[in-house]
Peer 1: 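Below is one structure. I have some questions about it.
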Amino acid sequence: MDSPTRFLPRRLALGAAALSLLAATVFGQMAVAAEVNTTGLAITDTEVTVGQLHSATGTMAISETGSIQAERLSIEQINASGGILGRQIKIIQEDGASDWPTFAEKAKKLLVGDKVAAVFGCWTSASRKAVLPVFEKENGLLYYPTFYEGLEQSKNVIYTGQEATQQILAGLDWIAKEKGAKTFYLIGSDYIWPRTSMKIARKHIENVLGGKVVGEEYYPLGNTQFGSLINKVKLKKPDVVFTAVVGGSNVAFYKQMKAAGVTSAKQNLLTLSVTEDELLGIGGENMEGFYASMKYFQSLDNPNNTAFVEAFKAKYGKDAVIGDVTQAAYLGPWLWKAAVEKAGSFDVDKVAAASPGIELTTAPEGYVKVHDNHHLWSKTRIGQVQADGQFKVVYESDLIEPNPFPKGYQ
């Protein structure tokens, strides 16, 4: 059969051929886009849209700003390396404003209104619990970066921070062994993560370590008056003060502890919630010698972390600091990229199914792997606060398998 361009003048024939090639290319791209996005997400042939949902304002901003920065850094690096399935990542940022109903409202906007392919966000367990029903109802995908109490697992969440067995139990085991600790005073902010964490801690102290809890107190988010509590601690003289105070309250708490003479020279203290981000506001001199149980510290000495710290400071300034949750937030976009590319699709169900088994050998903390339960294999580390606001790593565990539902602690 004759070609339809056979009898056209040469210039017109070339033009028709070019149009045919263009049409084929366009329709080819559309076919590719259809293959990698069958559920109506905000994805074009050149761009994929994601959401960021953290507290940029309010009492939690001191903790969550680092997560915002780290996620943006990783997305910038991914875009510079060619993006994901040939697409550049576009970010829509929303402010949860340290208010749990606002988090739920903004989550619905991102998933239903903006149709984002994934969301990197939340910090407190209260904010995560507020958005979880939205993500499950709308079938969205959340990358959650904070160490938390465990007792949760969802197809719609990848937990890039550590759960209780990887932080609380390992930390308590270490301080009981190293300091011969038998008596503990538990202190936390008044919401789900500290209360559940301390419930788990109490069971471990009493049933496993054979120790005793001599005090347990909770204070509202944003509280700045700790004088009465500090007097009780001085009276009880526990072997260990075990804390899960979050956000801006940390600044007041530790400065008042120092002013009252409660220092590492007289008192062991192990925190679950003070990272380099909070220390920037607290001042290293106000916590010097106290300990934190985390999986990451900025001072980690490995090539991955050296490159990460250099890149972070190049983007955000030489005085910028990086804490545990900031690093875990940085992992989110990279884990998402790996899962999308493994699945060959942006569809949430396919990405979720592809996530278990994903390994990240370039993680600043060293190495992580996604478990079937959507948590990460990670190490526990104990850091001792230095006067300059950094931590000296004094203990490092082997890789710990995540177990969000530990028997005997529920």
Peer 1: Show the nearest heavy-atom pair for residues Ser74 and Trp334, with the distance to one decimal.
Peer 2: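 Answer, listing the atom of Ser74 first, then Trp334: CB-NE1, 3.3 Å.
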Peer 1: List the steps and the verdict of side-chain contact (heavy atoms from CB on, under 4.5 Å) for Leu132 and Val157.
Peer 2: CA-CA 8 Å; Leu132 184 59; Val157 183; 3.7 Å; yes
Peer 1: Just do the ring pair (Phe, Tyr, Trp, His ring centres under 6.0 Å) check on Phe184 and Phe242 with the steps written out, would you?
Peer 2: CA-CA 7 Å; Phe184 297 77; Phe242 191 58; 7.2 Å; no
Peer 1: Which atom pair, heavy atoms only, marks the closest approach of His204 to Tyr409?
Peer 2: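 The pair with the smallest heavy-atom distance is ND1-OH, 2.5 Å.
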Peer 1: So Trp193 and Trp123, would you call those rings parallel, tilted or perpendicular, with 30° and 60° as cut-offs?
Peer 2: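 Ring orientation, 0 to 90° scale: perpendicular.
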Peer 1: Out of curiosity, Thr362 OG1 to Leu331 CG, how far, rounded to the nearest 0.5 Å?
Peer 2: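 Reported value, rounded in 0.5 Å steps: 8.5 Å.
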Peer 1: Are Asp324 and Gln162 linked by a side-chain donor-acceptor pair shorter than 3.5 Å?
Peer 2: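 The answer is yes; a qualifying pair exists.
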Peer 1: Checking side-chain contact (heavy atoms from CB on, under 4.5 Å) for the pair Arg381/Tyr395: CA distance, chi angles, key distance, verdict?
Peer 2: CA-CA 5 Å; Arg381 297 176 171 94; Tyr395 169 77; over 6 Å; no
Peer 1: Nearest heavy-atom pair of Asn403 and Thr165: which atoms, and what distance?
Peer 2: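 Here Asn403 and Thr165 meet closest at O-CG2, 3.6 Å.
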Peer 1: Side chains of Glu278 and Thr275: is there a donor and an acceptor less than 3.5 Å apart?
Peer 2: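 The criterion, which ignores hydrogens and geometry beyond distance, is satisfied for Thr275 and Glu278.
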Peer 1: Assess the residue pair Glu285 and Lys258 against the criterion (salt bridge (Lys or Arg N to Asp or Glu O under 4.0 Å)); give the C-alpha distance rounded to whole Å, side-chain angles, the decisive distance to 0.1 Å, and a yes or no.
Peer 2: CA-CA 9 Å; Glu285 71 279 2; Lys258 174 74 176 293; over 6 Å; no
Peer 1: Is the NZ or CZ atom of Arg195 positioned over Tyr218's six-membered ring, under 6.0 angstrom from the centre and within 45° of the axis?
Peer 2: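 Yes, Arg195 lies over the aromatic ring of Tyr218.
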Peer 1: Is atom CG of Asp301 surrounded by more than 12 heavy atoms (other residues, nucleotides or ligands) closer than 6.0 Å?
Peer 2: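 No, the 6.0 Å shell around CG holds no more than 12 heavy atoms from other groups.
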Peer 1: For the pair Ser249 (side chain) and Gly222 (backbone), establish whether a donor and an acceptor sit closer than 3.5 Å, ignoring hydrogens and angles.
Peer 2: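 Yes, because the side chain of Ser249 sits within donor-acceptor range (under 3.5 Å) of the backbone of Gly222.
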Peer 1: Would you say Ile158 and Thr160 make side-chain contact, with heavy atoms under 4.5 Å?
Peer 2: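 Yes, at least one pair of side-chain atoms sits under 4.5 Å.
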Peer 1: Return yes when atom NZ of Lys392 has more than 12 non-hydrogen atoms of other residues, nucleotides or ligands closer than 6.0 Å, and no otherwise.
Peer 2: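 Not more than 12 within 6.0 Å, no.
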Peer 1: Tell me, yes or no, whether the heavy-atom count around Lys155 atom NZ, taken from other residues, nucleotides or ligands under 6.0 Å, exceeds 12.
Peer 2: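 Count over threshold, so yes.
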Peer 1: Does Tyr291 form a side chain to side chain donor-acceptor pair (under 3.5 Å) with Lys179? I'd like the steps, not just the answer.
Peer 2: CA-CA 12 Å; Tyr291 299 97; Lys179 304 296 181 180; 3.1 Å; yes
Peer 1: For Tyr148 and His375, which I'm curious about, is there any donor-acceptor pair between the side chains at under 3.5 Å?
Peer 2: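 Short answer, yes.
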Peer 1: Examine the side chains of His374 and Gln153 and answer whether a donor and an acceptor come within less than 3.5 Å of each other.
Peer 2: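 No, no side-chain donor-acceptor pair sits under 3.5 Å.
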Peer 1: Give the intermediate values and the outcome of side chain to side chain donor-acceptor pair (under 3.5 Å) for residues Asp114 and Thr49.
Peer 2: CA-CA 8 Å; Asp114 299 316; Thr49 302; over 6 Å; no
Peer 1: Under 3.5 Å, is there a donor-acceptor pair between the Thr38 and Asp347 side chains?
Peer 2: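 Side-chain D/A pair, Thr38 to Asp347: present.
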Peer 1: Please tell me whether Asp239 and Tyr185 have a donor and an acceptor in their side chains that are separated by less than 3.5 angstrom.
Peer 2: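 No, Tyr185 and Asp239 have no side-chain donor paired with an acceptor closer than 3.5 Å.
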Peer 1: Do Lys295 and Phe297 have side chains that approach each other closer than 4.5 Å (heavy atoms only, starting at C-beta)?
Peer 2: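 A side-chain contact is absent here, since even the closest heavy-atom pair is not under 4.5 Å.
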Peer 1: I'd like to know whether NZ of Lys342 has more than 12 heavy-atom contacts from other residues, nucleotides or ligands below 6.0 angstrom.
Peer 2: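 Enclosed: over 12 neighbouring heavy atoms sit under 6.0 Å from NZ of Lys342.
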Peer 1: Kindly say whether the aromatic ring centers of Phe226 and Phe253 come within a distance under 6.0 Å.
Peer 2: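 Between Phe226 and Phe253, the centre distance is under 6.0 Å.
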Peer 1: Give, for atom CG of Asn250 and atom CG of Leu279, the distance between the pair rounded to the nearest 0.5 Å.
Peer 2: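 Between Asn250 CG and Leu279 CG, I get 9.0 Å after rounding to 0.5 Å.
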Peer 1: Heavy-atom distance under 4.5 Å between the side chains of Gln390 and Val321, does that happen here?
Peer 2: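 SC-SC contact between Gln390 and Val321 confirmed.
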Peer 1: Could you verify whether a donor N or O on one side chain and an acceptor N or O on the other, from Gln167 and Thr380, lie under 3.5 Å apart?
Peer 2: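 No, no side-chain donor-acceptor contact under 3.5 Å.
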Peer 1: Rounded to the nearest 0.5 Å, how far does CD of Glu163 lie from OG1 of Thr146?
Peer 2: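 That separation rounds to 14.0 Å.
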Peer 1: Does Gln386 reach the main-chain N or O of Gln384 with its side chain, forming a donor-acceptor pair under 3.5 Å?
Peer 2: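 Checked: pair present.
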Peer 1: Would you mind reporting whether Thr271 and Leu269 have side-chain heavy atoms less than 4.5 Å apart?
Peer 2: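 Sidechains of Thr271 and Leu269: in contact.
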Peer 1: Taking atom NZ of Lys108 as the centre, report whether more than 12 heavy atoms of other residues, nucleotides or ligands fall under 6.0 Å from it.
Peer 2: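 Open.
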Peer 1: What pair of heavy atoms forms the shortest contact from Ser55 to Ser98, and how long is it?
Peer 2: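 Shortest heavy-atom separation between Ser55 and Ser98 comes out as OG-N, 2.9 Å.
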Peer 1: For Val36 and Ser345, work out which heavy atoms get closest and say how close.
Peer 2: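 For Val36 and Ser345, the tightest heavy-atom pair comes out as O-OG, 3.4 Å.
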Peer 1: Would you check, one step at a time, whether the test side chain to side chain donor-acceptor pair (under 3.5 Å) holds for Asn304 with Tyr367?
Peer 2: CA-CA 9 Å; Asn304 293 350; Tyr367 169 88; over 6 Å; no
Peer 1: Return the CG to CG distance between Asp349 and Leu141, rounded to the nearest 0.5 Å.
Peer 2: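 The distance works out to 10.0 Å.
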Peer 1: Would you mind checking if Glu341 and Lys337 are paired as a salt bridge, meaning a charged N to carboxylate O distance below 4.0 Å?
Peer 2: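 Yes, Lys337 and Glu341 are salt-bridged.
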Peer 1: Quick one: pull up NZ in Lys350 and CG in Asn37 and give me the separation to the nearest 0.5 Å.
Peer 2: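 Reported value, rounded in 0.5 Å steps: 9.5 Å.
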Peer 1: Go through the steps for Glu217 and Tyr219 under the test side chain to side chain donor-acceptor pair (under 3.5 Å), then give the verdict.
Peer 2: CA-CA 7 Å; Glu217 307 253 356; Tyr219 292 84; 3.3 Å; yes
Peer 1: I need the Glu276 CD to Ile322 CD1 distance, nearest 0.5 Å.
Peer 2: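 So the gap between those two atoms works out to 8.0 Å.
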Peer 1: Are Thr124 and Trp100 close enough, and set up right, to give a side-chain contact (heavy atoms from CB on, under 4.5 Å), and what steps lead you there?
Peer 2: CA-CA 9 Å; Thr124 65; Trp100 323 142; 3.3 Å; yes
Peer 1: Pair Ile89, Ile84 - check side-chain contact (heavy atoms from CB on, under 4.5 Å), show working.
Peer 2: CA-CA 8 Å; Ile89 305 169; Ile84 300 182; 3.8 Å; yes
Peer 1: If we ignore angles and hydrogens, is there a donor and acceptor under 3.5 Å between the side chains of Thr326 and Asp277?
Peer 2: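 Side-chain D/A pair, Thr326 to Asp277: present.
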Peer 1: Using a strict cut-off of less than 4.0 Å between a Lys/Arg side-chain nitrogen and an Asp/Glu carboxylate oxygen, indicate whether Glu206 and Arg202 qualify as a salt bridge.
Peer 2: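 Salt bridge between Glu206 and Arg202, a charged N being under 4.0 Å from a carboxylate O: yes.
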Peer 1: Would you indicate whether the side-chain heavy atoms of Arg72 and Tyr330 approach each other to under 4.5 Å?
Peer 2: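 Tyr330 vs Arg72: side chains apart.
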Peer 1: Set out, in order, the CA-CA distance, both residues' side-chain angles and the distance that settles salt bridge (Lys or Arg N to Asp or Glu O under 4.0 Å) for Lys379 and Glu365, then state yes or no.
Peer 2: CA-CA 8 Å; Lys379 294 182 177 182; Glu365 67 184 83; over 6 Å; no
Peer 1: Using a strict threshold of under 4.0 Å (side-chain N to carboxylate O), is an ion pair present between Lys129 and Glu149?
Peer 2: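 No.
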Peer 1: Are Lys313 and Asp319 ion-paired here, with the side-chain N under 4.0 Å from a carboxylate O?
Peer 2: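 Result for this pair is no, no salt bridge flagged.
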Peer 1: Do Gln52 and Glu71 pair up side chain to side chain, a donor and an acceptor below 3.5 Å, judged on atom types alone?
Peer 2: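 Result is yes, a qualifying pair exists.
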Peer 1: Distance only, no hydrogens: is a donor on one side chain within 3.5 Å (strictly under) of an acceptor on the other, for Tyr159 and Glu152?
Peer 2: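 Result is yes, a qualifying pair exists.
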Peer 1: Indicate the ring-plane relationship of Tyr254 and Phe290, choosing parallel, tilted or perpendicular according to the 30° and 60° boundaries.
Peer 2: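 Ring orientation, 0 to 90° scale: tilted.
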Peer 1: Shortest non-hydrogen contact from Phe135 to Ala107?
Peer 2: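 Taking every non-hydrogen atom into account, CE1-CB, 3.9 Å.
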